Amino acid sequence: MKKKLISIVVPVYFEEELIAEFYSRMHPVMNQLKSRFDTELIFINDGSKDRSLEILLELTKKDSRVRILDFSRNFGHQRAITAGIDYADGDAVVIIDSDLQDPPEVIPEMIAKWEEGYDVVGGTRKARKGETAFKLFTARIFYRLLNSLSEIPLPLDTGDFRLMDRKVVKVIRTMKEEGRYVRGLIVWAGFRQSSVLYERDARFAGETKYSLKRMLGLALDAITSFSEKPLMLAVQLGLFITAGSFLAMLYLLISRILRPESVVAGWTSLFVAILFVGGVQILVVGILGVYIGRIYRESRDRPLYIVQETYGFKKRNSK
Ligand code: UDP
Ligand code: MG
């Protein structure tokens with residue numbers, strides 16, 4: 001019987017310092033699987049300008065299981081993963097970071113769950129080492145906020161480290177939306193989902209490529225793709241304030257009639273009301289703007305990423 005193929009998808013962005021180490025950790029895991037599975041290792045060079053591509057090309061010479069997708073520029077982590085999913089041939093596809101924060105040794109556990117019949121096996125972080133207190137705090141808030149807003153329950157503290165069956169891969173490939181939050185899309189797809197616990201290590205070398213701005217971007221993409229609640233909130237806020245100002249209006253009218261001499265004294269309350277309503281209006285318009293911006297982005301229908309060159313793929317893939 002033909003062995004099943006496991007595709008391992010690895011996004012790479014300015015990681016020259018750690019690709020060799022990543023491969024040397026991955027290699028034994030691939031060998032361990034060898035008796036039962038074929039493996040392919042798909043690196044996506046997400047527009048790194050350092051020696052990452054060069055080092056990856058060396059790997060393709062050494063190991064015929066290594067493949068490379070070279071992007072024309074930096075398209076970001078989520079799109080790099082998307083490309084890997086699009087090009088992977090495996091019966092199961094595993095997404096893993098290149099910085100060894102996700103330990104490759106967990107992959108066989110994921111495969112075991114897959115063989116039990118689960119279609120998606122996520123890695124849930126039991127502990128996260130080597131992250132700043134700020135990142136831990138913001139991540140905690142983010143996952144909980146997202147979950148309370150989202151229309152589907154998204155698992156807490158789960159990154160993109162996961163395995164999915166080919167049938168899930170096929171579904172993900174049909175999702176062409178621009179503001180991508182891949183782990184959300186996978187949950188959205190459904191199927192039988194499970195997870196394994198693991199300890200997230202510190203980065204092996206280099207620095208995080210997620211600046212605060214990028215984290216905010218990901219958070220906005222996540223929230224706007226999985227929730228319309230902020231729009232609902234804007235409406236509720238609007239209603240609440242309208243009701244409030246109606247009461248205030250009544251109060252002012254009545255006091256105008258009953259105590260005409262006291263009216264000029266209302267300057268402070270007037271000013272506060274103007275500021276407050278002005279602020280709320282800007283907030284609500286801002287929320288609308290975010291969603292309209294998304295509609296605009298989706299409507300342009302551009303490709304999600306551009307692969308300028310592929311290396312190590314046997315045929316032009318069945319994409
Ligand atoms: N990455 C990428 N493109 C980017 C940013 C990051 O392909 O624009 C890759 C990066 O090389 C790493 C993974 O995505 O393999 C996760 O990035 P990082 O470790 O910087 O994020 P963090 O773990 O700090 O959230
Ligand atoms: Mg990392």
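These numbers come from the heavy atoms of this one structure, side chains and all, not from hydrogens, waters or symmetry mates. In each ligand, atom 1 is the first atom listed, and ligand 1 is the first ligand listed. Worth saying up front: this structure is predicted, and the values here are computed from it rather than measured.
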Quick test: of every protein heavy atom, which one is nearest to [atom], and how far off is it to 0.1 Å?
atom                    : value
atom 21 (O) of ligand 1 : Tyr210 CD1, 3.2 Å
atom 18 (P) of ligand 1 : Arg203 NH2, 3.5 Å
atom 19 (O) of ligand 1 : Asp99 OD2, 2.6 Å
atom 24 (O) of ligand 1 : Thr208 OG1, 2.6 Å
atom 15 (O) of ligand 1 : Ser98 OG, 2.7 Å
atom 16 (C) of ligand 1 : Asp97 OD2, 3.3 Å
atom 20 (O) of ligand 1 : Lys209 N, 2.5 Å
atom 8 (O) of ligand 1  : Arg214 NH1, 2.5 Å

Does Arg73 make a cation-pi contact with Phe75 (under 6.0 Å, within 45 degrees of the axis)?
yes

Checking Asp119, Val121, Leu163 against Lys113 for side-chain contact (heavy atoms from CB on, under 4.5 Å), the one that qualifies is Val121

At the Mg ion (ligand 2): angle between Asp99 atom OD2 and Gln101 atom OE1, to 10 degrees
100°

Part of Asn74 with heavy atoms under 4.0 Å of ligand 1, whether side chain, backbone, both or neither
side chain

Heavy-atom pairs closer than 4.0 Å: do any link ligand 1 to the side chain of Glu15, the backbone, both, or neither?
side chain

Atom 7 (O) of ligand 1: which of Pro11, Ser48, Ala83 has the nearest heavy atom?
Pro11

Counting heavy atoms only, name the option from Gln101, His77, Arg79 that's nearest to atom 23 (O) of ligand 1.
Gln101

Side chains of [X] and [Y]: do they bring a donor and an acceptor to under 3.5 Å?
X      : Y      : answer
Asp102 : Tyr198 : yes
Ser7   : Glu40  : yes
Gln78  : Asp221 : no
Asp86  : Tyr305 : yes
Tyr23  : Asp63  : yes
Arg67  : Thr60  : no

Interfacing atoms of ligand 1 (cut-off 4.0 Å, heavy-atom, Asp46)
2 (C), 3 (N), 4 (C), 7 (O), 8 (O)

Does the distance from a Lys or Arg side-chain N to an Asp or Glu carboxylate O, for Arg36 and Glu115, drop under 4.0 Å?
yes

Are any of the N/O atoms on Ala80, whether in the backbone or the side chain, positioned under 3.5 angstrom from an N/O atom of ligand 1?
no

Should Leu136 and Leu218 be regarded as members of a common hydrophobic cluster, given that ILVMFWY residues are connected when their side-chain heavy atoms come within less than 4.5 Å of each other, either directly or indirectly?
no

